Every structure is written in structure tokens, then in C-alpha cells.
Undergrad: 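Please read through the structure below; I'll follow up with questions.
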Amino acid sequence: LGIQDWQPTTRILPVSADGAASTIGERWTSADMARRRAEAAARLARANGKGKAPLQWRIALPRGPGADLLFNRLSTDLKAVGVSLRRVGEAEAAELRLFDAVARYGGADWYFNQLACAAGRGLCSASADARVAEARAATDPARRAALLAEAEAELTAANSFIPLGSPLRWSLVRNLADGFAANARGYHPLSALAVKPK
């Protein structure tokens, strides 16, 4: 995307998220692109059945130049493994759907909430939801961390969400401005001290 310091990732939770496990690594790093494409094509052929017409998937995207670029890139990449991509509107039925949202806080819970079955975004993992519920009820921090790691591993195995990269945070000022400090999470570090109205 041409964004300085932006890192592609295959992880469900960004490493910067509070509660993200250090034990969950990147996927597919041991295979080069040719091997990944060959494996994807083989899996799709098994799922689709030999002799059937090539797969055609719909992708729901918003309008705009950014979505145009994304569609063109994904079309090229998926064509290489035997999938033809057709763009549809955001409200239409689709096999793939862009999910682009601003995280309200930097905790793992926010990400798990977006991918929970209760969110109704499509494919989900009931067992990952159960691990997250257990983690929320856990009083021991080590147990909570272990349960969140299990939940992330189960969501990763379900392959219901394909991360494009680490979350992006925009600034309204240039980094050369006096007093500028980068804030990856996008919230004030003393927000926990705020008094909530009753």
C-alpha cells in the first residue's frame, strides 16, 4: 500500500494489542510464494472437484479508488490459483467481504468481538468464542493469557478472516511538528483515569 513502516501480517490479533499472545506466529512463512500458490490451487481443486468449472467468488467492496486498487490486486492474486473474482456492492451476498473498522481500544477483546459469532459477520468459531468467554471470567492473568492464545489459534485455524496487515493509525499532523508523538493505539494513555458520567 506504499505506507512507510506498515507491516503485512497473517495474525488475527496485532502484536500491539493488549492481551495478544507472543506464542502465535505468522502463517506460511516457511514457504515461498510459488509453493503457497501451488498449495492453494491444490486445496481449491480438491474442494471444487476435478472437471468442474473454475471457481468464481464475489467480493463485497465499497466504492472508491482504494477499493479499486484492492480489487485489482486480489483479482490478479486469486486468478493465479484458479479463482475468478467478481466485485459486488457492500450489501450484496458475497464469498469475500472487506471488513474495515476503527478499533475503539487497543485490547484483544475488541478484535475478538468483531469476529465473534454474535457479530453476525459470517463465518466464525463457536469454540474460539467459548475460549474468549472463559478468558473474560478468568481471575488469573496467566490463565487468561493462555485462553486468549487458544482463542486466537482456533480463529486462525478456522480461516474465517484474512488479515491484510497490521492496523493503520493516521495522524492529522506531520511528524515534523513540534511536540508530535506517535501513538499507535490512537487513544490517550490516561484514558483509564477518565470519570464516566452516571
Side-chain angles (χ1 to χ4, degrees), residues 1 3-31 36 39-40 43 47 59-62 70 74 90 93-172 181-198:
L1 297 176
I3 300 168
Q4 187 178 1
D5 298 328
W6 184 68
Q7 295 296 314
T9 186
T10 60
R11 288 195 57 182
I12 298 289
L13 296 181
V15 267
S16 62
D18 294 335
S22 59
T23 56
I24 305 292
E26 297 290 335
R27 294 178 277 178
W28 314 304
T29 55
S30 62
R36 293 179 201 180
E39 177 63 24
R43 288 183 186 188
I59 181 167
L61 291 171
L70 180 61
L74 288 175
E90 290 181 274
E95 286 73 33
L96 297 172
R97 184 171 304 281
L98 177 67
F99 175 64
D100 183 18
V102 176
R104 290 181 30 232
Y105 54 95
D109 276 350
W110 186 86
Y111 297 91
F112 286 124
N113 288 341
Q114 306 314 303
L115 301 174
C117 294
R121 298 195 198 286
L123 295 174
C124 62
S125 169
S127 59
D129 288 355
R131 294 301 80 69
V132 171
E134 286 179 59
R136 288 178 179 146
T139 55
D140 175 30
R143 175 80 177 136
R144 175 180 162 78
L147 288 165
L148 290 178
E150 286 179 32
E152 184 179 1
E154 290 183 25
L155 274 174
T156 300
N159 284 311
S160 58
F161 180 74
I162 304 167
L164 297 178
S166 56
L168 300 175
R169 183 64 61 190
W170 301 99
S171 174
L172 296 177
N183 182 351
R185 293 185 178 151
Y187 64 85
H188 196 284
L190 301 179
S191 61
L193 300 179
V195 177
K196 293 182 181 178
K198 293 184 179 183

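Bear in mind that the values here come from a model prediction, so they are computed numbers and not experimental data.
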Undergrad: Measure across C124 and L115 and return the closest heavy-atom pair with its distance rounded to 0.1 Å.
TA: CB-O, 3.8 Å

Undergrad: Before you tell me yes or no, could you show the steps for L70 and L61 under side chain to side chain contact (heavy atoms under 4.5 Å, CB included), namely the whole-Å CA-CA distance, both residues' side-chain angles and the distance that decides it to 0.1 Å?
TA: CA-CA 9 Å; L70 180 61; L61 291 171; 4.0 Å; yes

Undergrad: Using the side-chain contact (heavy atoms from CB on, under 4.5 Å) rule, pick out the option among L13, V132, L155 that qualifies with Y111.
TA: L13

Undergrad: Which atom names give the shortest non-hydrogen contact between A60 and A94, and what distance separates them?
TA: N-CB, 3.7 Å

Undergrad: Could you tell me which non-hydrogen atom of C117 sits nearest to which non-hydrogen atom of A126, and how far apart they are?
TA: SG-N, 3.8 Å

Undergrad: Using modelled atom types only, decide if a donor and an acceptor are shared between the side chain of R131 and the backbone of S127 within a distance under 3.5 Å.
TA: yes

Undergrad: Is any side-chain heavy atom of D129 less than 4.5 Å from a side-chain heavy atom of F112?
TA: no

Undergrad: Backbone N or O of Q114 within a donor-acceptor pair of the R121 side chain at under 3.5 Å?
TA: yes

Undergrad: Within the structure provided, determine whether D109 and R136 are in side-chain contact (heavy-atom separation under 4.5 Å).
TA: yes

Undergrad: Determine whether E95 and I59 make a side-chain contact, defined as any pair of heavy atoms from C-beta on separated by less than 4.5 Å.
TA: no

Undergrad: Nearest 0.5 angstrom please: N159 CG to L123 CG, how far?
TA: 10.0 Å

Undergrad: Do the non-hydrogen side-chain atoms of F161 and I12 ever get within less than 4.5 Å of each other?
TA: yes

Undergrad: Are E90 and R97 within salt-bridge range, i.e. N to O under 4.0 Å?
TA: no

Undergrad: Mark yes or no for whether R27, through its side chain, and T10, through its backbone, hold a donor-acceptor pair below 3.5 Å.
TA: yes

Undergrad: Would you call R144-E134 a salt bridge at under 4.0 Å N-O?
TA: no

